[in-house]
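In what follows, a structure is listed as structure tokens, so that the remarks can point back to it.
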Amino acid sequence: MSGLETMLVLGVAAPLLSFVVLALFGSRIGKPWAGWVATAGIATSCLLATIVLIKWQGLAAADRPVPAVFHWATLGSVPITFGVNLDSLTVIMFFMVSFVSTCIFVFSIGYMAGHSDEIDGQSKFHRFFTYLSLFGFSMLGLVISNNLLLLFVFWELVGVCSYLLIGFYFHKKSASDAAIKAFVVNRVGDMGFIIGLGMVFLYLGDFSLSGAAAAFARAHDDGSSPLFTHTLLGYSLATWMGMLLFCGAIGKSAQFPLHVWLPDAMEGPTPVSALIHAATMVAAGVYLVARIFVLLTPDVQTFIAVIGCITLTIAALVAIVQTDIKKVLAYSTISQLGYMILGMGVGAWVGALFHLLTHAFFKALMFLGSGQVIEGCHHEQDMRRMGGLRTKMPVTCWTFLVGVLAIAGAGIPAVWMPGHTPFGLGGYFSKDEILAVAYERAYGGEHAATAEHAGASAEPMLDHTTPGTAGRAAPPLRRWLFWIPIIIAYVTPFYMMRCWWMTFMGKPRDPHVHEHAHEIPLMYVPLVVLAIGTVFSSYFLFRHLVAEAVPAGFMVPSIDGEALHHAHKALAGIVGGAFVVGFVIAILVYRKGLETAAIIAQKLPTIHRLLEHKFYFDELYGLVLVGGTHAVKAVSYAFDKWIIDGLVNLSALITERVSWIAGNVLDAIGVDGAVNGLGRVTMAFGGLARTPQVGRIRNYVLFAVGTATLVLLVMVWPW
């Protein structure tokens with residue numbers, strides 16, 4: 001292996017070592033040192049990731065090492081290999097995960113100091129960091145995996161860590177229920193993932209990412225592969241394979257219809273929400289789609305885009321009425337993940353991954369900010385009881401605002417200031433690139449890039465040139481996939497400014513909460529670091545590295561290309577001021593407190609109730625799935641009790657009656673009666689025969705004389 005690969009492997013091993021140490025000796029190490037052991041492990045990963053990133057940037061493309069591949073096992077006739085998937089995407093993802101994780105680990109030391117004693121009166125501080133270390137190992141292992149089977153192993157390890165950390169306060173029923181819900185819902189998605197892996201094994205015969213891509217290309221070019229010649233319900237097996245693999249991302253990245261687990265996962269400690277359910281684990285689904293993108297047919301891409309569009313819409317609308325600060329961020333996360341999935345579906349491969357990276361920084365920042373608020377306000381999470389906290393928590397207030405600006409896509413479009421470098425944060429660059437490609441996909445027929453500007457065809461940004469990607473979505477659908485995200489781009493800044501304003505601005509709504517609010521220095525240091533990271537990640541280093549990792553054969557239009565330039569120019573007029581509109585409306589509604597919002601809710605009771613109940617998905621699933629399961633259980637119980645048990649009991653009753661008849665009638669009266677009757681007759685005859693035998697000679701003589709006389713009489717009687 002090259003030095004870069006070795007450092008990445010050591011970066012994966014570092015949190016594994018801290019996990020082993022804490023698992024064996026954590027209770028003896030105690031707090032806060034157990035937290036520092038875990039932090040040292042992930043900080044080592046971050047240091048190695050930084051070195052790899054710097055070295056990778058300094059190498060020309062021709063000088064970058066070719067990853068080593070090792071044989072692991074043989075499954076049937078298919079060799080299973082493992083190694084480091086060394087490319088620009090791996091390098092930047094590894095850095096992002098380890099850097100954000102390090103900030104969150106440091107924050108957790110201060111946060112969990114006051115929370116880990118809440119379980120059965122004993123300190124569980126070390127256990128929390130044991131789980132975090134295992135998660136760090138699992139997530140970093142997932143990032144560097146070069147084959148789907150090994151990726152799936154780490155994928156499931158990440159899921160196990162999520163289950164353990166969501167249910168960390170297992171003594172609370174809400175937390176244990178949330179952990180079970182997350183586990184079960186993700187198993188639904190992972191079942192599809194497993195079936196998809198089975199199809200990869202069966203039809204492609206190679207689990208490695210590069211090998212599977214090459215086999216897919218050969219299968220398409222061959223024209224006789226069952227993947228493309230066989231259909232099911234009108235779709236090719238290649239399409240079904242892609243959709244089934246995507247099911248894993250639907251579960252892990254909380255996409256419709258499996259999005260319901262993520263808001264409940266906020267029952268876990270806030271650092272868990274920041275690390276697993278905002279910055280890293282939920283992003284694994286988007287990362288998976290990026291890695292298998294070359295296996296996706298146009299129908300699968302359309303399916304992915306539609307799922308992302310539905311998800312980003314319903315999550316953003318529900319976030320409008322949430323009053324729990326963590327729930328607002330949870331639905332915001334689901335919505336932004338929807339944008340990323342939409343980006344993958346419309347072909348904005350670079351934009352989707354760029355948004356994944358920027359989102360990791362600003363969403364981790366806001367979740368940690370919410371944790372500072374919750375801890376400083378004595379575990380209060382209801383924003384209706386907050387307000388005016390800017391004076392008590394100034395660092396948290398203004399760093400949180402950086403995150404709000406980033407997710408809202410705040411910036412000044414280049415077309416508004418010609419000749420100057422555009423200024424913006426987070427989503428201004430990353431989310432707008434997704435929307436720009438969606439615009440070009442929707443209106444490419446009117447403003448298509450020429451071949452010399454865009455690539456080998458007039459529409460390379462609409463359909464990548466990987467085998468099996470002929471065709472385009474219907475124009476009406478393509479335009480819906482543009483305009484709906486545009487509308488939600490106005491909703492996002494509204495609910496995020498609402499969250500910030502209700503928490504930090506205005507007058508205190510609960511004097512007790514405001515009086516005791518305070519900041520913990522150890523906890524706001526990571527906020528400052530992440531705020532700086534949010535600004536840094538917004539610009540083009542991250543995007544440049546992502547663009548270098550574009551799959552072979554996929555024509556991604558240049559950010560300076562004529563088509564995207566036109567798209568960005570058009571977007572400036574459509575959505576350039578969306579963050580201003582959203583912010584202004586939120587401030588107007590909440591600047592005097594909650595009265596205006598309450599009046600609006602009273603005027604629109606049906607809509608408010610629908611959003612408050614989250615479109616009734618939980619109730620629907622409770623009725624159809626949970627209720628259906630209980631109904632099946634009741635039917636099965638009745639069938640077992642009355643049919644199965646009834647037949648068994650009837651058989652036993654019949655057997656018992658037959659045995660009674662056989663024992664008491666046939667055997668006792670028939671068989672035993674006949675045998676006993678014969679015995680009694682024999683005994684009677686024996687008694688009669690024994691009667692003369694009295695032992696007296698005179699009786700015997702008398703009997704003999706009598707008998708002789710009788711014989712003589714019989715003989716002479718006829719005469």
Q) Under the side chain to side chain donor-acceptor pair (under 3.5 Å) test, which residues partner Thr311, sequence neighbours left out? A) Gln255
Q | side-chain contact (heavy atoms from CB on, under 4.5 Å) evaluation trace for Val21 with Ile29 | A | CA-CA 9 Å; Val21 171; Ile29 295 174; 4.0 Å; yes
Q: Under the side chain to side chain contact (heavy atoms under 4.5 Å, CB included) rule, collect the residues that match up with Val491, sequence neighbours excluded.
A: Ala316, Ile320, Ile488, Tyr495
Q) Is there side-chain contact between Leu405 and Tyr428, with at least one heavy-atom pair below 4.5 Å? A) no
Q. Any side-chain heavy atom of Met502 sitting closer than 4.5 Å to one from Arg509?
A. yes
Q. Parallel, tilted or perpendicular: which fits the ring planes of His516 and His512, with parallel below 30° and perpendicular above 60°?
A. tilted
Q: Just grab all the side chain to side chain donor-acceptor pair (under 3.5 Å) pairs involving residues 394-404, residues at least two apart or on different chains.
A: Thr396-Glu519
Q: First locate atom CE of Met112, then atom CG of Leu132, and finally report the distance between them rounded to the nearest 0.5 Å.
A: 8.5 Å
Q) Can you name the side chain to side chain contact (heavy atoms under 4.5 Å, CB included) partners of Lys392, sequence neighbours left out? A) His514, Ala517
Q: Go through Val106 and Met523 one step at a time and tell me if the side-chain contact (heavy atoms from CB on, under 4.5 Å) criterion holds.
A: CA-CA 7 Å; Val106 172; Met523 292 169 61; over 6 Å; no
Q) Between Leu142 and Leu151, is a side-chain contact (heavy atoms from CB on, under 4.5 Å) present by the stated rule, with each step listed? A) CA-CA 5 Å; Leu142 186 153; Leu151 186 148; 4.2 Å; yes
Q. Between Tyr111 and Pro271, is there a donor-acceptor pair closer than 3.5 Å when you use the side chain of the first and the backbone of the second?
A. no
(Q) Please check: side-chain N/O of Thr39 versus main-chain N/O of Gly35, any donor-acceptor pairing under 3.5 Å? (A) yes
Q. Given the rule in the ring-ring contact (aromatic ring centres under 6.0 Å, His included) test, do Phe129 and Phe125 qualify, once you have shown the distances and angles that lead to the verdict?
A. CA-CA 7 Å; Phe129 284 96; Phe125 187 87; 4.9 Å; yes
Q: Please work out which of the three classes, parallel, tilted or perpendicular, describes the rings of Phe128 and Phe168, given edges at 30° and 60°.
A: perpendicular
**Q.** Presence of salt bridge, Arg384 and Asp382, under 4.0 angstrom
**A.** yes
(Q) Tell me whether Arg591 contacts the main-chain N or O of Gly506 through its side chain, where contact means a donor paired with an acceptor under 3.5 Å. (A) no
Q) Roughly how far, to the nearest 0.5 Å, is CE of Met505 from CH2 of Trp500? A) 4.5 Å
Q | Pair Thr358-Ser430, side-chain donor/acceptor within less than 3.5 Å | A | yes
**Q.** Parallel, tilted or perpendicular, as decided by the 30° and 60° cut-offs, for the rings of Phe154 and Phe137
**A.** perpendicular
Q. For Lys252 and Trp261, which heavy atoms make the closest approach, and how far apart are they?
A. O-CZ2, 3.5 Å
Q | Short side-chain to backbone donor-acceptor contact, Ser162 and Val158, under 3.5 Å | A | no
Q. Any sub-3.5 Å donor-acceptor pair from Thr270's side-chain atoms to Gly371's backbone N or O?
A. no
Q) Which heavy atom of Gln336 sits nearest a heavy atom of Lys363, and at what distance? A) CG-NZ, 4.4 Å
Q. Got a donor-acceptor contact below 3.5 angstrom from the Thr534 side chain to the Gly403 backbone?
A. no
Q: Under the side-chain contact (heavy atoms from CB on, under 4.5 Å) rule, what do Ser133 and Leu16 come out as? Steps first, then yes or no, please.
A: CA-CA 6 Å; Ser133 295; Leu16 177 62; over 6 Å; no
Q.
Check whether Arg498 reaches the backbone of Val589 with its side chain - one donor and one acceptor, N or O, closer than 3.5 Å.
A. no
Q | Heavy-atom closest contact (Arg390 atom, Cys397 atom, distance) | A | CB-SG, 3.7 Å
(Q) Could you go through His359 and Phe362, starting from their C-alpha distance and side-chain angles, then the distance that decides it, and tell me whether this counts as ring-ring contact (aromatic ring centres under 6.0 Å, His included)? (A) CA-CA 5 Å; His359 176 266; Phe362 62 68; 5.3 Å; yes
**Q.** Heavy-atom pair with the smallest gap, counting every atom of Asp432 and Leu571
**A.** O-CD1, 3.5 Å
Q: Can you label the angle between the Tyr169 ring and the His171 ring as parallel, tilted or perpendicular, going by 30° and 60°?
A: perpendicular
Q. Between Leu22 and Ala38, what is the shortest heavy-atom contact and its length?
A. CD1-CB, 3.9 Å
Q: Run the salt-bridge test on Arg291 and Asp87 with the 4.0 Å N-O cut-off and return the result as yes or no.
A: yes
Q) Would you say the side chains of Ser370 and Lys326 form a donor-acceptor pair under 3.5 Å? A) no
**Q.** Spacing of CE belonging to Met383 relative to CZ belonging to Phe504, to within rounding of 0.5 Å
**A.** 11.0 Å
Q. Got a sec, which residues hit side chain to side chain donor-acceptor pair (under 3.5 Å) with Ser174, two or more places apart in sequence or on another chain?
A. Glu267
Q. So do the side chains of Glu548 and Arg64 get within less than 4.5 Å of each other, counting heavy atoms only?
A. yes
Q. Is there side-chain contact between Tyr590 and Ile585, with at least one heavy-atom pair below 4.5 Å?
A. no
Q: Check whether any side-chain N or O of Lys431 sits under 3.5 Å from a backbone N or O of Ile407 as a donor-acceptor pair, and report yes or no.
A: yes
(Q) For the CZ atom of Phe135 and the CZ atom of Phe19, what is their distance to the nearest 0.5 Å? (A) 14.0 Å
Q: Mind checking side chain to side chain contact (heavy atoms under 4.5 Å, CB included) for Ala274 and listing every partner two or more places apart, or none if nothing turns up?
A: Ile104, Phe367, Leu368
Q: Check whether the ring centres of Phe99 and Phe361 lie less than 6.0 Å apart, and answer yes or no.
A: yes
Q. Side-chain contact, heavy-atom cut-off 4.5 Å: Met266 with Leu329?
A. no
Q) Does one side chain, of Ser98 or Ser45, offer a donor that lies under 3.5 Å from an acceptor on the other? A) no
Q.
Please find the pair of heavy atoms, one from His355 and one from Met340, that lie closest to each other, and give the distance.
A. CD2-CG, 3.8 Å
Q.
For the backbone of Ala290 and the side chain of Trp349, can you confirm whether one donor and one acceptor N or O come within less than 3.5 Å of each other?
A. yes
Q: Hey, could you give me the CE/CG distance between Met7 and Leu53, rounded to the nearest 0.5 Å?
A: 11.0 Å
Q. Any side-chain heavy atom of Val37 sitting closer than 4.5 Å to one from Phe25?
A. no
Q: Return yes if some donor-acceptor pair links the side-chain N/O of Ser253 with the main-chain N/O of Val282 below 3.5 Å, else return no.
A: yes
Q: Would you give the length of the straight line joining atom CG of Leu134 to atom CE of Met139, rounded to the nearest 0.5 angstrom?
A: 13.5 Å
